[in-house]
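Please read the structure below before turning to the comments.
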Amino acid sequence: MVLQLVGLVLGGLGLIGTCAVTGMPQWRVTAFIDNNIVVFEAQWEGLWMNCIRQANIRMQCKVYDSLLALTPDLQAGRALMCVAICLTFLAFIIAVIGMKCTVCAGDNTRTKGIILLVAGITFIISGIVVLIPVSWTGNRIIRDFYNPLVLSSQKRELGDALYIGWTTALLLIIGGLILCCSFRSGEKEVKYSLPPKSVTSAPPPKSAISVPIRKPSSLYSKSQYV
């Protein structure tokens, strides 16, 4: 029960983090290096919009006009993060159904264990799906940052959404592994709780049963034969 609750809580946190990362615009942040010293204005780039924040007072955001205007990593990030939200939500619902404290799947321990196993595997797949676009975008930002052919005004730094994305992927994978481990422990519990078979001795064969035979006693005594 404790393992199941811990796995479910980590999966729920992963679901919240996945939704937050998908909507946050801080995937790419302006890098203040070389001649780019205008620190009172910061530019954020996300999956759905880019924002300009001025002196921590006013922020303006604009939704991208076309999907083709995005870089390949952000285009793939849109699709993969939407898939990750659907998978994480589905895994969370399946995990709730397979919990011991719920009666949705009855009282069959093995059936609930299989449901938790499916939920754990789905959580792990969701974590991998979240990890792919976050790592891809981070790799592109770092590669462009150290590329001397890229202008300083076009270089970006890692945003807060990427760090939250890596943490979210880790929570989803750990939660999925915990649910899979709870399935294994539940299977051992069912195996060890089976009652031992009673061994009954077979009755002896009829041919082996011996019946004592009495000799008939004589009706006359020896003195009567004179």
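These values consider heavy atoms only, across backbone and side chains, with no hydrogens, waters or symmetry-generated copies. Just so it is clear, the structure is predicted and the values come from calculations on it, not from any experiment.
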Nearest atoms (heavy-atom pairs only) where T88 meets A84: OG1-O, 2.6 Å
Other residues, nucleotides, ligands: >12 heavy atoms within 6.0 Å of F89 CZ: no
Validation row: T168, V134 side chains within 4.5 angstrom (heavy atoms): no
D160, D73, D144 screened by salt bridge (charged side-chain N to carboxylate O under 4.0 Å, His left out) with R28, the one that passes: D73
Closest approach of P72 to W136 (non-hydrogen atoms, all atoms of both residues): O-CH2, 4.0 Å
Nearest-0.5 Å distance that lies between atom CD1 in I115 and atom CZ in R110: 12.5 Å
Atom pair CG (L170) and CG (L13), whose distance is rounded to the nearest 0.5 Å: 12.0 Å
For G127 against A169, the heavy-atom pair lying closest together: O-CB, 3.4 Å
Taking every non-hydrogen atom, the tightest pair across S126 and L87: OG-CB, 3.1 Å
Partner of L80 under side-chain contact (heavy atoms from CB on, under 4.5 Å), chosen from V130, L47, V129: V129
Q75 side-chain N/O to L70 backbone N/O, donor-acceptor pair under 3.5 Å: yes
Gap between atom OG1 of T111 and atom CG of L116 - 0.5 Å precision: 11.0 Å
Heavy-atom closest contact (G98 atom, K112 atom, distance): O-CB, 3.6 Å
Hey, can you pull the donor-acceptor pairs under 3.5 Å for the side chains in residues 14-24, sequence neighbours left out?
| unit_1 | atom_1 | unit_2 | atom_2 | d |
| --- | --- | --- | --- | --- |
| T18 | OG1 | G14 | O | 2.7 |
| T22 | OG1 | T18 | O | 2.7 |

Donor-acceptor contact present, side-chain K62 to main-chain N50, <3.5 Å: no
Pairwise side-chain contact, F123 with I174, heavy-atom cut-off 4.5 Å (strictly under): no
Nearest-0.5 Å distance that lies between atom OG1 in T167 and atom CG in L172: 11.0 Å
Student check: side-chain heavy atoms of W48 and R78 closer than 4.5 Å: yes
